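Take a look at the structure below.
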Amino acid sequence: MDKKELASFLEEIATLLELQGENPFKCNAYRAAAQTIETLDRNLEGFQTVEDFARLKGIGKSLAEKILVILQTGTLPLYQELKQRIPSGLVEMLRIAGMGPKRVRTVYEKLGIISLGELEYACRENRLLELPGFGVKIQENTLKGIEYLKKAQGRFHLHKALAAAHRLQEDLAKLPQVDRIETAGSIRRFKETVKDIDLLITTAKPATVMNAFTSHPLVESIIAHGETKSSVRLTMGINVDLRVVTKKEFPFALLYFTGSREHNIVLRGRAQKQGYKLNEYGLFKRQSTKSLDLKSEEEIYKALGLSYIPPELREDQGEIQAAEQGSLPQLVTLKDLRGSFHIHTTSSDGAATIKEFAAYAQKQGLEYLGISDHSRSAFYANGLSTEKILKQHREIDALNKSLKGFHIFKGIESDILPDGSLDYPEDILALFDFVIISVHSKFKMTKEEMTKRIIKAMENPHTTMLGHPTGRLLLAREAYEVDMEAIIQAAAQHGIIIELNANPFRLDLDWRYIKKALDKGVLISINPDAHSLKDMKFAELGVGLARKGWCEPRHVLNSHSASDVKKIFGKIHTS
DNA sequence: GCCGTTTTCGGCCCGACTGTTTTCAGTCG
């Protein structure tokens with residue numbers, strides 16, 4: 001059992017305990033332990049004894065003993081009992097908005113309901129009305145929530161949420177009553193998928209602004225409409241919270257509602273230790289009701305003895321310690337990008353020619369491009385035959401002669417065949433400046449087989465870069481089973497670059513692994529995986545996710561100059 | 001169940017909103 005599996009096991013116990021009506025702080029202890037385990041910066045192999053685990057934050061003797069049992073036996077008597085006692089449908093019911101552990105418990109105990117289907121039926125039969133603390137509204141909302149769950153998974157791709165947030169922000173900013181508006185929450189932190197949109201506003205006329213918000217054309221229905229907080233659902237299905245705060249409160253509210261929750265908890269704990277209370281309204285000296293007068297997030301961090309932490313890093317992944325020591329990274333920005341790799345042209349399944357991509361890239365101020373069409377096994381994508389490769393190379397040679405101050409690298413996205421070999425013989429692979437290797441078939445191998453397959457391909461002397469390393473399609477397809485730690489280790493060993501595929505449905509390598517890759521000295525390439533000119537814009541998302549993974553310009557292949565890139569490629573292929 | 005410079009008991013981040021009540025429980029972020 002690895003970290004992730006152990007963490008979700010503990011997480012599940014926490015949920016089951018809640019459903020059983022346990023002391024909430026006890027439940028929380030299991031949650032906190034899960035968080036600690038999941039974000040551990042090393043694997044579990046070094047942990048042999050109770051003491052090893054009990055040294056960790058939020059894990060005491062009791063939990064350490066249980067964790068050891070879980071690792072040794074794959075399960076826990078407590079878990080078995082909980083599973084036996086608590087129907088699995090109750091866990092599903094928690095996903096309904098407005099249904100927490102208490103209400104789920106009530107419908108289970110009083111009505112014997114153990115599944116979403118039964119709950120829906122009970123709502124339609126008006127049976128929730130009889131329950132203590134339930135009424136017409138809760139019954140209606142439960143029904144709506146069930147329908148919503150059926151329709152969407154309740155999470156949204158970052159780029160779609162970003163677009164909606166920008167539109168709302170722009171429109172509301174036009175109101176003369178609005179002094180300041182910002183998007184907070186997980187969008188500001190650049191999470192790859194988000195649950196909702198959080199907007200913050202300062203205004204002297206909250207009622208007017210709230211009315212404008214709830215009647216915006218994107219709004220489908222109003223969930224809550226208050227003085228300081230309103231919530232709506234947009235036609236695209238996402239919920240939006242709007243909060244009104246005073247000008248003085250704004251930086252504190254922005255910090256608070258940007259999160260993450262884990263980051264906030266640590267900040268609050270830190271404030272407490274320094275004799276302060278920190279909340280969304282201010283930073284207060286203990287016993288005082290008047291907040292320190294701080295004008296920006298920068299000043300709040302400074303007051304707590306920290307340098308400014310960019311929103312993307314606020315995930316309690318060591319950023320607070322780094323801010324304390326002044327060792328936060330100087331994060332990469334869009335302006336740092338000087339070129340772009342992983343581009344598909346009309347030769348395979350792209351919608352633009354090399355010439356068109358080159359012209360577009362030059363206009364965007366880029367200095368180079370790396371073309372990489374699909375390889376011959378990718379029949380579905382019109383993969384390139386040897387003849388087509390040679391023709392493409394002649395075209396690139398001619399373009400490179402005619403283009404001034406711009407360079408096109410010859411590349412290919414070679415399928416990693418099931419046995420770990422690449423898609424062309426040695427002499428063909430040797431013709432490319434760079435070779436991206438990607439898995440496009442046989443996703444259902446075992447973890448061991450898949451890891452072996454990819455590492456074998458990485459060991460090929462012609463391999464330059466690993467493409468979309470986990471194969472995930474966000475909200476659609478799980479990542480294939482693969483030991484990412486081992487892949488990163490192999491990349492470090494063979495000098496292989498790992499792609500951060502910036503396509504909004506991929507955003508793969510996952511940011512949680514990017515930092516680990518950097519720590520091992522692996523270079524990251526922010527690649528649009530462009531199939532059309534407009535896809536080149538994905539680089540913006542890619543930069544956001546790279547920042548989330550602690551990338552500085554020096555960590556990013558395509559922030560280097562064309563001549564440096566040539567040197568880097570040369571070094572990879574001769575080592 | 002964890003934790004400790006207010007330490008071995010008694011807290012645990014904390015405030016807004018809804019819907020149910022008639023002062024508050026539950027949920028959410």
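None of the values given here were measured: they were computed from a predicted structure. In what follows, every heavy atom counts, from backbone to side chain, and hydrogens, waters and symmetry copies are set aside. Every chain is numbered from 1 and lettered A, B, ... according to where its sequence line falls, protein lines coming before strand lines.
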_Looking only at the aromatic ring of each residue, does the gap between the centers of A/F252 and A/Y281 stay below 6.0 angstrom?_
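Here the rings of A/F252 and A/Y281 have centres that are no less than 6.0 Å from each other.
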Which nucleotide in the list [options] gets nearest to the side chain of [X]?
| X | options | answer |
| --- | --- | --- |
| A/K102 | B/dT27, B/dC2, B/dC14 | B/dT27 |
| A/N23 | B/dC14, B/dC12, B/dT27 | B/dC12 |
| A/S62 | B/dT20, B/dC2, B/dA16 | B/dC2 |
| A/I138 | B/dG29, B/dG1, B/dG19 | B/dG19 |
| A/F25 | B/dC13, B/dG19, B/dG1 | B/dG1 |
| A/K137 | B/dT20, B/dG15, B/dA16 | B/dT20 |
| A/A224 | B/dT20, B/dC14, B/dC17 | B/dC17 |

Which is true for [X] with a 4.0 Å heavy-atom rule: it touches a base, it touches only sugar-phosphate, or it touches nothing?
| X | answer |
| --- | --- |
| A/A97 | sugar-phosphate |
| A/I59 | sugar-phosphate |
| A/K273 | nothing |
| A/I96 | sugar-phosphate |
| A/F257 | nothing |
| A/L63 | sugar-phosphate |
| A/D196 | sugar-phosphate |
| A/N141 | sugar-phosphate |
| A/P24 | nothing |

Nearest whole angstrom, please: distance from the [atom2] of [N] to the [atom1] of [X].
| X | N | atom1 | atom2 | value |
| --- | --- | --- | --- | --- |
| A/Q35 | B/dC13 | CD | C1' | 15 Å |
| A/I223 | B/dC17 | CD1 | C1' | 12 Å |
| A/K195 | B/dT27 | NZ | P | 14 Å |
| A/M99 | B/dT20 | CE | P | 13 Å |
| A/D198 | B/dC17 | CG | P | 14 Å |
| A/D241 | B/dT18 | CG | C1' | 13 Å |
| A/F134 | B/dT18 | CZ | P | 18 Å |
| A/K61 | B/dG1 | NZ | P | 12 Å |

A/R261 or A/V136: which one's nearest nucleotide on DNA chain B is closer to the 5' end?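 Final value for this comparison: A/V136.
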Taking for A/Y281 and for A/L56 the nucleotide of DNA chain B with the nearest heavy atom, the one nearer the 5' end belongs to A/L56
Check whether any side-chain nitrogen or oxygen of [X] sits under 4.0 Å from OP1 or OP2 of [N], and answer yes or no.
| X | N | value |
| --- | --- | --- |
| A/N28 | B/dC12 | no |
| A/K229 | B/dT27 | no |
| A/S231 | B/dC17 | no |
| A/Y256 | B/dC13 | no |

Could you give the distance separating [M] and [N] at their [atom1] atoms, to the nearest angstrom?
| N | M | atom1 | result |
| --- | --- | --- | --- |
| B/dG11 | B/dT18 | P | 31 Å |
| B/dC17 | B/dC12 | P | 23 Å |
| B/dT22 | B/dC3 | C1' | 39 Å |
| B/dA16 | B/dT21 | P | 24 Å |
| B/dT23 | B/dG15 | P | 23 Å |
| B/dC14 | B/dT8 | C1' | 27 Å |
| B/dC28 | B/dC13 | C1' | 14 Å |

inquiry  = One pair to check against salt bridge (charged side-chain N to carboxylate O under 4.0 Å, His left out): A/E299 and A/K295. What are the steps and the verdict?
reply    = CA-CA 6 Å; A/E299 291 186 10; A/K295 301 272 189 276; over 6 Å; no
Which one of A/R31, A/R105, A/K26 satisfies the salt bridge (Lys or Arg N to Asp or Glu O under 4.0 Å) criterion with A/E18?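 Exactly one option meets the salt bridge (Lys or Arg N to Asp or Glu O under 4.0 Å) with A/E18, and it is A/R31.
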The residue among A/K515, A/R472, A/K4 that forms salt bridge (Lys or Arg N to Asp or Glu O under 4.0 Å) with A/D510 is A/R472
TODO: Salt-bridge test for A/K57 and A/D316: reply yes if a basic N is under 4.0 Å from a carboxylate O, no otherwise.
DONE: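 Yes, A/K57 and A/D316 are salt-bridged.
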Exercise. Testing A/E315, A/E38, A/E192, A/Q317 for side-chain hydrogen bond (donor to acceptor under 3.5 Å, both in side chains) with A/R512, which one passes?
Worked result: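 Exactly one pass, corresponding to A/E192.
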- Task: Hey, can you tell me if A/Y301 and A/Y308 have their rings parallel, tilted or perpendicular (30° and 60° cut-offs)?
- Result: perpendicular
When both distances are under 3.5 Å in a Watson-Crick or G-U wobble arrangement, the nucleotide paired with B/dT8 is none
| Within a radius of less than 6.0 Å around NZ of A/K447, do more than 12 heavy atoms belonging to other residues, nucleotides or ligands occur? | yes
